[in-house]
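Structure first, commentary second.
In what follows, chains are A, B, ... by sequence order, proteins preceding strands, each numbered from 1.
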There are 4 protein chains.
Amino acid sequence: MRQYASIHTDLALEAHAAAVKTDWDQQGVQVDTQEFAGGTVTRVRVLDARGAARMGKPPGNYITIEAPGLRQHDVELREQVGQILAEELKSLLPPLDKSSVTLVVGLGNWHVTPDSLGPLVIEELLVTRHLFEYAPEHVDEGMRSVCALAPGVLGITGIETSDIIAGVVEKVQPAIIIAIDALAALSIERLGTTIQIADTGINPGSGVGNKRHALNRETLGVPVIAIGVPSVVYANTIVLDAMQKLTASLRAAAGQGTNVGEVLRDLSREEQGQLVHEVLNPFWGNLIVTPKEIDEQIRQMSKVIAGGLNVALQPGLESSDTLKYLQ
Amino acid sequence: MRQYASIHTDLALEAHAAAVKTDWDQQGVQVDTQEFAGGTVTRVRVLDARGAARMGKPPGNYITIEAPGLRQHDVELREQVGQILAEELKSLLPPLDKSSVTLVVGLGNWHVTPDSLGPLVIEELLVTRHLFEYAPEHVDEGMRSVCALAPGVLGITGIETSDIIAGVVEKVQPAIIIAIDALAALSIERLGTTIQIADTGINPGSGVGNKRHALNRETLGVPVIAIGVPSVVYANTIVLDAMQKLTASLRAAAGQGTNVGEVLRDLSREEQGQLVHEVLNPFWGNLIVTPKEIDEQIRQMSKVIAGGLNVALQPGLESSDTLKYLQ
Amino acid sequence: MRQYASIHTDLALEAHAAAVKTDWDQQGVQVDTQEFAGGTVTRVRVLDARGAARMGKPPGNYITIEAPGLRQHDVELREQVGQILAEELKSLLPPLDKSSVTLVVGLGNWHVTPDSLGPLVIEELLVTRHLFEYAPEHVDEGMRSVCALAPGVLGITGIETSDIIAGVVEKVQPAIIIAIDALAALSIERLGTTIQIADTGINPGSGVGNKRHALNRETLGVPVIAIGVPSVVYANTIVLDAMQKLTASLRAAAGQGTNVGEVLRDLSREEQGQLVHEVLNPFWGNLIVTPKEIDEQIRQMSKVIAGGLNVALQPGLESSDTLKYLQ
Amino acid sequence: MRQYASIHTDLALEAHAAAVKTDWDQQGVQVDTQEFAGGTVTRVRVLDARGAARMGKPPGNYITIEAPGLRQHDVELREQVGQILAEELKSLLPPLDKSSVTLVVGLGNWHVTPDSLGPLVIEELLVTRHLFEYAPEHVDEGMRSVCALAPGVLGITGIETSDIIAGVVEKVQPAIIIAIDALAALSIERLGTTIQIADTGINPGSGVGNKRHALNRETLGVPVIAIGVPSVVYANTIVLDAMQKLTASLRAAAGQGTNVGEVLRDLSREEQGQLVHEVLNPFWGNLIVTPKEIDEQIRQMSKVIAGGLNVALQPGLESSDTLKYLQ
């Protein structure tokens with residue numbers, strides 16, 4: 001999908017949809033979809049280098065939970081999605097016993113609302129590693145050792161997030177890292193309604209804050225599961241989308257005997273970028289599109305994610321117990 | 001400017017620019033522009049019903065301070081703009097003596113970042129009315145009685161903001177009301193760089209949160225000066241802008257012998273609205289475009305506004321004194 | 001209880017306990033206590049002027065819910081207490097029909113943690129009055145019209161809280177006002193574990209922020225129910241308590257043949273006040289004692305109160321519905 | 001000072017005052033005091049093991065800036081204290097050149113107001129290390145490489161703060177660490193008015209949040225300067241202080257021919273602890289005494305500290321430049 005070249009999506013589902021449009025050969029990628037009452041779970045598996053090239057995503061599992069109702073205040077749907085997140089997450093987790101530590105990393109910036117999902121999840125998470133260390137007598141059967149970190153962002157710390165995490169990994173020696181991040185999507189209908197779980201970790205250039213370095217097994221020596229929620233669409237994505245929809249309409253309207261099609265084709269390649277630039281000047285890539293209720297939406301979604309993590313990581317706990325340990 | 005019919009601007013400057021494009025007859029509106037080192041002050045005066053109809057704004061004074069450098073972290077420019085705001089505000093204030101009370105109202109919603117300007121200004125404001133009432137011996141020569149209110153929004157209180165303010169006005173009997181509000185602009189380059197001061201108050205449908213009722217001399221019985229800062233552009237504004245820029249480019253490229261121009265003309269009227277709808281579905285009017293740094297930008301702008309208000313309302317204070325009284 | 005003369009309690013229960021210590025004649029006051037699994041409900045009824053003089057509280061009903069377990073993170077107890085609060089509150093409410101409006105007022109200061117209970121409750125409250133006004137078709141059978149206000153404090157607004165509320169009352173014409181406030185207690189074991197409901201409103205000098213004016217049927221023309229939660233003990237209360245406990249110990253130890261008793265008696269009256277002053281200099285009355293976890297405790301208690309209010313005020317709602325309407 | 005055995009102070013100045021009371025031999029400790037317009041700078045030097053034993057503090061330099069006026073809103077005094085902090089800090093810093101990195105660590109808990117000083121300072125700090133790495137062309141002469149970390153607390157992360165810092169130190173290789181912390185004081189008049197700078201780092205058991213592990217040259221391999229501000233007095237400190245003041249008064253009043261003195265002596269040792277316990281039950285060590293305005297006080301103090309750090313760490317910057325770089 002050449003025109004989208006300059007547009008960024010962190011979602012395998014969107015990358016796949018884009019790939020399908022231009023190329024019907026689907027070797028190297030497996031897709032499996034499953035419905036539930038409130039939405040859909042899609043499991044995209046990138047099998048090999050060929051699939052990876054087509055998708056622009058490294059080989060691995062990408063599970064997407066879509067539940068459009070999350071935009072409304074539907075408490076039961078939130079609980080259901082938290083439960084599904086827990087199940088899907090468990091399918092990607094290595095076996096964890098009492099000696100395994102899970103490190104949950106909340107990426108992003110407290111002070112930029114649409115980038116604050118990660119730190120907010122850390123706040124809601126059930127953290128237990130210190131009990132294992134200092135009060136093992138309070139550790140029930142079925143509890144697992146979980147610790148958490150919100151490392152901040154480069155502009156605030158002056159330190160690469162990947163360096164902070166690598167330093168902590170050396171001390172904590174986790175069996176698995178789960179990294180939570182706010183994502184940029186192509187489609188506004190995904191805002192606050194979609195969760196992606198990927199066992200390939202975080203890869204360069206992803207995320208709202210444009211984190212530069214990779215967080216994955218290669219860089220950290222530990223498998224990394226990334227959980228992401230789209231919280232923004234970049235304004236240039238929307239503007240390009242608008243132009244393409246207009247172009248398509250014009251083509252359809254113009255009919256075949258005219259030269260409109262050619263004019264459009266010529267223009268779209270050469271000038272679209274410049275037009276987008278004009279529309280968004282002087283902010284360009286820094287402008288985001290969000291619903292007005294983004295503060296509330298991020299807060300609610302952080303509870304869904306933290307709830308799902310607690311259920312997945314603490315197999316011995318029932319929900320009331322979960323809350324008993326929660327600060 | 002017919003195509004903009006469905007687009008909303010709270011800025012007289014933008015309304016005027018739009019009016020000028022379609023109609024060169026400028027009767028009923030006076031415009032005066034003045035440069036300063038960091039920007040421009042434009043004073044638009046809507047003289048009569050004719051000007052009001054053309055502008056879509058009631059007769060009165062609309063002063064706009066534009067300082068593009070406010071987007072950067074330029075402390076000196078902020079101070080300068082605060083000072084200019086104070087001067088311009090004073091030109092619209094009635095004479096205030098020791099017995100006159102000024103009521104500053106911070107409109108908007110604490111919990112929606114781009115709508116939080118009003119409440120944040122209230123936080124930074126020098127409030128003195130209680131000293132006049134309870135500790136007149138601490139009131140220096142040159143101090144004026146200022147009180148403040150952040151009434152919240154309808155969705156949180158269940159009460160019309162205008163009713164809350166009217167109730168308080170009856171008790172406090174202010175000589176003048178100054179209402180602070182976050183605005184929607186047409187142009188993204190105004191985000192965080194522009195301040196509008198209007199002696200016509202707040203009129204229906206303006207503001208980020210779409211406050212329904214008017215706050216002006218007619219509804220409150222007291223003159224109302226509105227101070228507004230554009231903090232968002234609605235996404236549909238951006239999308240329409242993109243489509244219009246593309247259309248203009250296509251027309252220019254198509255040349256005169258072709259039928260492109262007609263195709264475009266036909267399309268733009270009928271289908272633009274629907275295309276915008278498609279691009280922004282399912283959020284439509286509720287999607288906003290902001291810079292990623294909106295949290296920080298709003299915080300800084302609230303200090304500029306509060307600083308300007310303090311200087312304008314407390315003629316006897318020097319800046320160090322101002323701070324002495326600040327909580 | 002003379003020594004406590006300079007000490008302040010907002011709790012009728014504590015005033016009653018103090019009265020009982022010095023005066024066994026209990027005419028004019030009725031007390032009824034009831035246990036539940038997690039604590040106690042005490043209903044103190046001040047019957048007449050005689051009881052009022054003894055208690056230092058106007059005639060009326062004072063219901064206190066005590067649940068020491070609220071200090072721990074016991075979710076089920078919180079729900080139970082919310083339910084009890086709802087029942088007790090209903091016993092004091094006038095009959096409400098679809099045309100009656102309830103105004104809930106959250107007293108206190110957002111920016112002073114132990115005084116922020118009121119504003120936090122407003123945030124969690126189910127507000128419906130605007131639906132009755134603008135979308136009556138969305139109003140289910142059994143819903144009641146509720147609106148809410150967090151008027152701020154005198155130091156921030158420069159306006160008496162009672163004036164703001166009186167102004168809004170005139171516009172909204174509520175059938176009943178419920179005022180939420182953080183209280184000062186005498187005993188630290190009440191911090192975060194006790195809720196007082198009183199149908200006598202808020203009376204001068206009560207509350208953490210020392211609100212000066214009364215909010216009751218006399219001043220507002222509408223019955224006022226006050227709901228209060230002790231969030232601080234003033235430091236001078238603790239210091240006096242320490243001195244009195246030491247004095248009592250010394251007396252007991254000294255035996256009867258000595259002059260210790262007299263020395264102590266002489267001292268305690270004259271010098272205690274001065275000693276307390278020395279200990280707390282230079283802050284004196286402004287120093288508060290709170291648990292370190294006060295931020296979290298206030299947040300949790302605000303949910304208990306808001307939950308109880310929602311259940312009491314919306315008779316037609318089940319808990320899941322409650323949440324559906326929230327926000 | 002036996003009676004204070006159970007009482008904790010993080011301030012060398014208070015430890016020294018206590019030591020002086022009981023032991024006039026001052027070998028091993030050097031004290032130097034210097035006045036300035038708004039207060040005093042005291043430099044305590046613990047020279048050897050003997051001094052360390054007497055003070056309960058390791059050998060090193062402890063500089064205390066006291067400025068009682070900081071309790072009021074005195075902007076000029078704040079700037080002056082920030083400047084003095086910068087000077088005193090520079091006297092303890094090793095020589096820093098363009099290749100040296102300074103790591104500033106903000107200890108404490110965002111969500112516990114009196115423990116939030118460290119994280120708040122990090123927010124206000126001028127962080128530059130990423131410019132040195134990614135945009136060296138924007139690094140002016142006289143700038144130094146500074147990075148920052150707010151590692152959270154054990155209860156939130158499940159990871160020892162010292163482990164997080166040690167991990168980051170390995171990656172960042174700083175020449176010096178500066179650790180900011182909120183402290184507990186013995187005397188309430190120090191709350192928000194005192195800054196302590198110590199080149200001995202952070203030692204076990206200090207701080208509001210009772211951080212367990214040491215942060216010093218031994219544990220981190222890098223010299224650590226600690227900057228602390230007293231934000232709480234533990235309630236047991238206040239209660240003991242009250243009892244001791246009462247005891248002293250009683251002794252003075254009783255005269256020499258009586259047995260009061262003996263009674264008091266006997267009581268004070270054996271029973272004081274128990275009485276304190278009774279007064280503070282069921283919270284005991286967890287109760288803190290703070291001024292009501294602690295939220296605002298912490299916020300202001302964090303600006304003083306961050307300002308002082310910026311001046312000390314960025315020798316080439318003037319104050320307006322400092323702000324230019326500040327986010």
Side-chain angles (χ1 to χ4, degrees), chain C residues 68 71 109-116 187-189 191 193 208-210 232-233 235 238-250 253-255 257-260 263-264 266-268 271-272 274-276 278-283 285-296 299, chain D residues 68 71 109-116 187-189 191 193 208-210 232-233 235 238-250 253-255 257-260 263-264 266-268 271-272 274-276 278-283 285-296 299:
Chain C
R71 254 198 310 275
N109 187 342
W110 279 109
H111 298 298
V112 173
T113 304
D115 197 28
S116 64
S187 155
I188 60 168
E189 68 200 25
L191 296 179
T193 66
V208 174
N210 229 356
V232 304
V233 173
I238 299 252
V239 168
L240 260 185
D241 189 22
M243 290 183 171
Q244 284 161 0
K245 285 215 164 73
L246 177 60
T247 305
S249 283
L250 290 171
T258 71
N259 67 341
V260 169
V263 169
L264 286 167
D266 295 348
L267 255 184
S268 63
E271 298 196 311
Q272 270 189 7
Q274 198 190 315
L275 285 170
V276 173
E278 271 177 39
V279 174
L280 299 180
N281 183 54
F283 284 99
N286 217 13
L287 275 183
I288 54 176
V289 180
T290 65
K292 249 189 299 192
E293 300 76 9
I294 178 74
D295 303 64
E296 178 63 14
R299 198 157 32 192
Chain D
R71 254 198 310 275
N109 187 343
W110 278 107
H111 298 299
V112 172
T113 303
D115 197 28
S116 63
S187 156
I188 60 168
E189 68 200 25
L191 296 179
T193 66
V208 174
N210 230 357
V232 304
V233 173
I238 298 253
V239 168
L240 259 185
D241 189 22
M243 291 183 170
Q244 284 162 0
K245 286 216 163 74
L246 177 60
T247 305
S249 284
L250 290 172
T258 71
N259 68 341
V260 170
V263 169
L264 286 166
D266 293 349
L267 255 184
S268 64
E271 297 196 310
Q272 271 190 6
Q274 199 191 313
L275 285 171
V276 174
E278 272 176 39
V279 174
L280 299 181
N281 183 52
F283 284 100
N286 217 13
L287 276 181
I288 54 176
V289 180
T290 65
K292 251 190 296 194
E293 300 77 9
I294 178 75
D295 304 64
E296 177 63 15
R299 201 159 28 194

Is there a side-chain contact between [X] and [Y], using heavy atoms and a 4.5 Å cut-off?
{"X": "C:L287", "Y": "D:T290", "result": "no"}
{"X": "D:H111", "Y": "C:D295", "result": "no"}
{"X": "C:V239", "Y": "D:V239", "result": "no"}

Can you tell me how far the NZ atom of C:K292 sits from the OG1 atom of D:T113, to the nearest 0.5 Å?
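The NZ atom of C:K292 sits 13.5 Å away from the OG1 atom of D:T113.
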
What are the two closest heavy atoms between D:A235 and C:V289, and how far apart are they?
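Heavy atoms of D:A235 and C:V289 come nearest at CB-CG1, 4.2 Å.
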
